[in-house]
Amino acid sequence: VLCLPLLLCGCAQKSAEREFFAMDTVMQLRAYGPAAEDALAQAEAEIYRLEGVLSCRDEQAALARLNETGGGTAGEETAALLQTALTLCEQTGGAYDPALGALSEAWGFSTGAYRVPEPDALAEAMQSSGAGLVQLDGISVTLTNGAQLDLGGIAKGYAADLLRAQLEKEGVTSATLDLGGDVFVMGRKTDGSDWRIAVKDPADTESYLGVVSAADKFIVTSGVYERYFEENGVRYHHILDPKTGCPAESGLVSVTVLCENGAWADALSTACFVLGPDGALALRDDLADQGTNFELILATDDGRVLYTDGLADAFTPNDESGYTYEALA
Ligand code: ADP
Ligand code: MG
């Protein structure tokens, strides 16, 4: 999402940069100021630590062990994040669901053994999927029916929240964190202007839908281009509709969420993708009534880009993208 060339730093200040592979994606961190170097080293270490806790692939990870044993006692951190995930599941009417591990596995998204599951296998995976099979009591987790937790739709956003807090503690006030489509821009550029973040064109990731200006914001994108496979000429992507157990076909090809909280931004981008344009906008209204505000940039499968009123000034469409743009009232 983050097209680095667009993040012109405009700074004579000391800066540091780190690029590494973690949580199944390439991460790029950049920070400014005298504390930058040390802070980013710590940030990278923190990502590896988290990966070791929240992975459902690494058998040693605490989350994978809970899946293996049908539950048990979770660490405080895992339990707290699971609680957030369950809350988001409820708030999104189940469109975001942290217990779709069995389905992800049936499609091979969690293992890399991609395939369209046979109807029987799909039905069986459905029986073992859904937050209804998860019970969380303090730090005690029970997974019924072989349910498998998969925090892949929230983990990177949560990680961004943690890194933000860590950088703040280290005295960093200006930074950009790109955790593979989950972006946090901290403060402003060192010249005092807003960051400019390019939103990728899901049909051509060398191109972009537009540019968002932002400061102190999480900008998280879920798109069909992140992970998919093709079978018999059909493309199957990795965002599953909990209702069907299949890749969501909601009329959207990408969703970008801007909000003040990383974990929420991440889960909401996945949920909005599943819900489709009308459902996503309805969810935005619902959550606004409850005091949670977020903005949306939606790309539809018929070539339109819709963006919400809070972005009227902040989003600049790319006139050469071939999309038509609709600023929502
Ligand atoms: P990305 O991983 O590309 O950043 P998302 O944030 O949308 O994209 O997360 C997708 C991941 O979340 C999938 O790889 C899978 O692990 C998990 N997932 C897929 N569908 C759902 C869903 N409906 N609710 C919650 N998690 C999901
Ligand atoms: Mg997400």
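Quick caveat, the model's predicted, so the values are computed rather than measured. As the structure lists them, so they are numbered: ligands from 1, and atoms in each ligand from 1. Residues take their numbers from the sequence shown, with the count starting at 1.
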Thr221 to ligand 1: N or O pair under 3.5 Å?
no
Report yes if Gly153 has an N/O atom closer than 3.5 Å to an N/O atom of ligand 1; otherwise report no.
yes
Is it the side chain, the backbone, both or neither of Thr25 that has a heavy atom closer than 4.0 Å to ligand 1?
neither
Quick check on ring pair (Phe, Tyr, Trp, His ring centres under 6.0 Å): which of Phe109, Phe273, Tyr114 does His237 satisfy it with?
Phe273
Measuring from non-hydrogen atoms of Ala95 to any atom of ligand 1, is the shortest distance under 4.0 Å?
yes
Residues Ser104 and Ser110: side-chain donor-acceptor under 3.5 angstrom
no
For Tyr96, state whether at least one heavy atom is located under 4.0 Å from any atom of ligand 1.
yes
So ring pair (Phe, Tyr, Trp, His ring centres under 6.0 Å) across residues 118-143, not counting sequence neighbours, yields none
Contacts of type ring-ring contact (aromatic ring centres under 6.0 Å, His included), residue Phe294, not counting sequence neighbours:
none
Using a strict cut-off of 4.0 Å, indicate which atoms of ligand 1 neighbour a heavy atom of Leu100.
21 (C), 22 (C), 23 (N), 24 (N)
Any chance the side chains of Tyr158 and Glu77 put a donor and an acceptor closer than 3.5 Å?
yes
Distance only, no hydrogens: is a donor on one side chain within 3.5 Å (strictly under) of an acceptor on the other, for Thr221 and Thr256?
yes
Which is it for Ile239 and ligand 1 at heavy atoms under 4.0 Å: side chain, backbone, both or neither?
both
Give yes or no for whether the N/O distance cutoff of 3.5 Å, strictly under, is met between Lys156 and ligand 1.
yes
Under 4.0 Å, heavy atoms only, figure out whether ligand 1 is touched by the backbone of Arg227, its side chain, both or neither.
neither
Return yes if a side-chain donor-acceptor contact under 3.5 Å exists between Thr308 and Glu295, otherwise no.
yes
Relative to each other, are the rings of Trp107 and Phe229 parallel, tilted or perpendicular (30° and 60° limits)?
tilted
Please check whether Ser222 reaches ligand 1 - meaning an N/O of the residue sits under 3.5 Å from an N/O of the ligand, judged on distance alone.
yes
What are the atoms of ligand 1, with element, lying closer than 4.0 Å to any heavy atom of Gly152?
9 (O), 11 (C), 12 (O), 16 (O)
What are the atoms of ligand 1, with element, lying closer than 4.0 Å to any heavy atom of Asp150?
15 (C), 16 (O), 17 (C)
